[in-house]
Amino acid sequence: MVIYLLSKFLPLLVMPLGIFLFLVVLFQLKKSKWIIPTAISIIWLSSIGIVSELLWKWIESPWERLKIEQITKADAIVVLSSARHLPPGKTRIYEWNDPDRFIAGIELFKAGKASNLFFTGGMSPYSPELPPEGSIYIKEAILLGVPSNNLFSTPPVRNTSEEALEIRKLLENNIKNKTPKIILVTSAYHMKRAKVVFERQGLNIFPFPVDFLTKGILSNNRFINPYMWIPNADSLNKTSIALRELIGRIIYRSLI
């Protein structure tokens with residue numbers, strides 16, 4: 001629990017907002033003239049659309065959206081958790097943050113790209129009201145016509161490393177191939193790190209990235225669009241997510 005908390009908290013200290021707040025406090029102690037201009041520059045650069053878009057273009061590189069027809073058959077399809085939330089009310093209907101991963105997994109299975117569909121049981125210890133995501137996925141996959149015998153989920157997992165470890169265990173118990181080939185489905189920005197982590201478990205990975213945030217073409221018109229240079233909360237959030245992913249790659253040693 002402590003390690004999980006630190007993994008979520010410590011990166012915040014080196015996010016743009018964390019650095020900005022640190023510099024503001026430092027200014028109260030030191031009163032140095034360079035501190036405030038530096039703080040303002042960091043928060044402005046992190047909050048403009050052109051910076052966040054270029055950063056995301058890099059984070060999601062070199063992945064491209066693939067057609068189902070481009071995928072060869074594999075031993076299994078593995079869909080990583082993407083987080084859900086519980087909206088207000090007593091219905092306990094778990095809503096999507098983004099369904100792209102799940103939908104892609106279902107489409108790949110129905111296209112016959114693998115006979116087994118694996119989900120990971122992502123969950124946060126600080127959201128006990130939410131069950132492991134894999135159990136939700138399985139119920140929804142059955143409703144969409146996927147046979148229950150072809151569906152599997154890991155136990156509760158909290159990060160990519162645990163997902164890879166538990167998936168390997170499931171594959172050992174359910175797939176005869178000693179080095180199974182899996183179609184790995186996750187968000188484009190997360191794919192580079194996930195691919196490295198799963199390959200370290202001895203798995204043969206075919207990436208199927210989804211949930212792209214960057215556009216296909218970054219035209220010159222976007223550079224002259226005034227809105228792209230105006231600081232806004234959405235761009236700040238995107239920049240922070242991208243930087244957090246870079247930190248994750250450093251920790252998981254998956255920058256290459």
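Predicted model only: the values in this text are computed from it and were never measured.
Hydrophobic clustering (ILVMFWY, side-chain heavy atoms < 4.5 Å, transitive): L143 and I103 are in distinct clusters. One hydrophobic cluster, built from ILVMFWY side chains closer than 4.5 Å, cannot hold both V24 and I19; they sit in different ones. In the hydrophobic clustering of ILVMFWY residues, with side-chain heavy atoms under 4.5 Å counting as a link, F22 and V25 come out apart. In this structure, Y137 is a member of the same hydrophobic cluster as L151, with clusters built from ILVMFWY side-chain heavy atoms closer than 4.5 Å. Hydrophobic clustering (side-chain heavy atoms under 4.5 Å, transitive across Ile, Leu, Val, Met, Phe, Trp, Tyr) keeps W63 apart from F208.
Atom CE of M191 is separated from atom CD of E245 by 11.5 Å, given to the nearest 0.5 angstrom. To the nearest 0.5 Å, atom CG of residue D100 and atom OG1 of residue T186 are 11.0 Å apart. Atom CD1 of residue I50 and atom CG of residue L45 lie 12.0 Å apart, to the nearest 0.5 angstrom. Atom OG of S153 sits about 11.5 Å away from atom NZ of K139, to the nearest 0.5 Å. To the nearest 0.5 angstrom, F198 atom CZ is 5.5 Å from L184 atom CG. Going from atom CD1 of I230 over to atom OG of S47 covers 12.0 Å, rounded to the nearest 0.5 Å.
In summary, the side chains of E166 and T154 do not present any donor paired with an acceptor at a separation below 3.5 Å, with no hydrogens or angles considered. Inspection of the T120 and S81 side chains reveals an N or O donor paired with an N or O acceptor under 3.5 Å.
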Evaluate the criterion side chain to side chain contact (heavy atoms under 4.5 Å, CB included) for residue pair I42 and F20; output intermediate values, then yes/no. CA-CA 7 Å; I42 289 173; F20 176 83; 5.6 Å; no
Please walk me through it: do N116 and N174 pass side chain to side chain contact (heavy atoms under 4.5 Å, CB included)? CA-CA 9 Å; N116 296 287; N174 295 281; 5.8 Å; no
Could you walk me through whether V78 and I183 pass the side chain to side chain contact (heavy atoms under 4.5 Å, CB included) test, one step at a time? CA-CA 6 Å; V78 176; I183 302 170; over 6 Å; no
Hey, mind stepping through L80 and H190 against side chain to side chain contact (heavy atoms under 4.5 Å, CB included) and telling me if it holds? CA-CA 10 Å; L80 303 191; H190 181 240; 3.6 Å; yes
Side chain to side chain donor-acceptor pair (under 3.5 Å) between Y227 and S235, worked out: CA-CA 11 Å; Y227 181 72; S235 294; 5.8 Å; no
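Within the 4.5 Å cutoff, the side chain of I59 has heavy atoms near those of the R249 side chain. Contact check for W96 versus R84: side-chain heavy atoms found under the 4.5 Å cut-off. Counting only heavy atoms from C-beta outward, the side chains of I182 and I205 approach each other to under 4.5 Å. Two residues are said to be in side-chain contact when any heavy atoms from C-beta on lie closer than 4.5 Å; D75 and L171 fail this criterion. Contact of the L117 side chain with the I106 side chain is registered, since non-hydrogen atoms from C-beta on lie closer than 4.5 Å. Contact check for R193 versus T160: side-chain heavy atoms found under the 4.5 Å cut-off. Put simply, the side chain of W58 reaches to within 4.5 Å of the side chain of L246, judged on heavy atoms. Two residues are said to be in side-chain contact when any heavy atoms from C-beta on lie closer than 4.5 Å; L243 and M15 meet this criterion.
Side-chain atoms of K195 never come within 3.5 Å of backbone atoms of P207 as a donor-acceptor pair (strictly under, hydrogens ignored). Under a 3.5 Å cut-off, the side chain of S46 and the backbone N or O of I43 do not form any donor-acceptor pair. Listed for the S61 side chain is no donor-acceptor partner under 3.5 Å among the backbone atoms of K57. A donor-acceptor distance shorter than 3.5 angstrom exists from the side chain of K110 to the backbone of L144, with no hydrogens or angles considered. The closest donor-acceptor contact from the side chain of N150 to the backbone of S115 lies under 3.5 Å. Looking at W56, its side chain does come within 3.5 Å of a backbone N or O of K238 through a donor-acceptor pair. Put simply, the side chain of E60 gets close to the backbone of L213: a donor and an acceptor are under 3.5 Å apart.
Under 4.0 Å is where a charged nitrogen must lie from a carboxylate oxygen, and between E172 and R168 at least one such pair does.
Closest of all the heavy-atom pairs between L86 and E129 is CD2-CG, 3.9 Å. Closest approach of V197 and A164 over heavy atoms only: CG1-CB, 3.7 Å. Of all the heavy atoms in I138 and F119, the pair that sits closest is CG1-CD1, 3.9 Å. Of all heavy-atom pairs between P231 and W44, the closest is CG-CD1, 3.0 Å. In terms of heavy atoms, P16 sits closest to T239 at CG-CG2, 4.4 Å. A188 approaches P209 most closely through the heavy-atom pair CA-CB, 3.9 Å.
For residues 64-73, every residue pair satisfying the side-chain hydrogen bond (donor to acceptor under 3.5 Å, both in side chains) rule, not counting sequence neighbours, is listed here: T72-K181.
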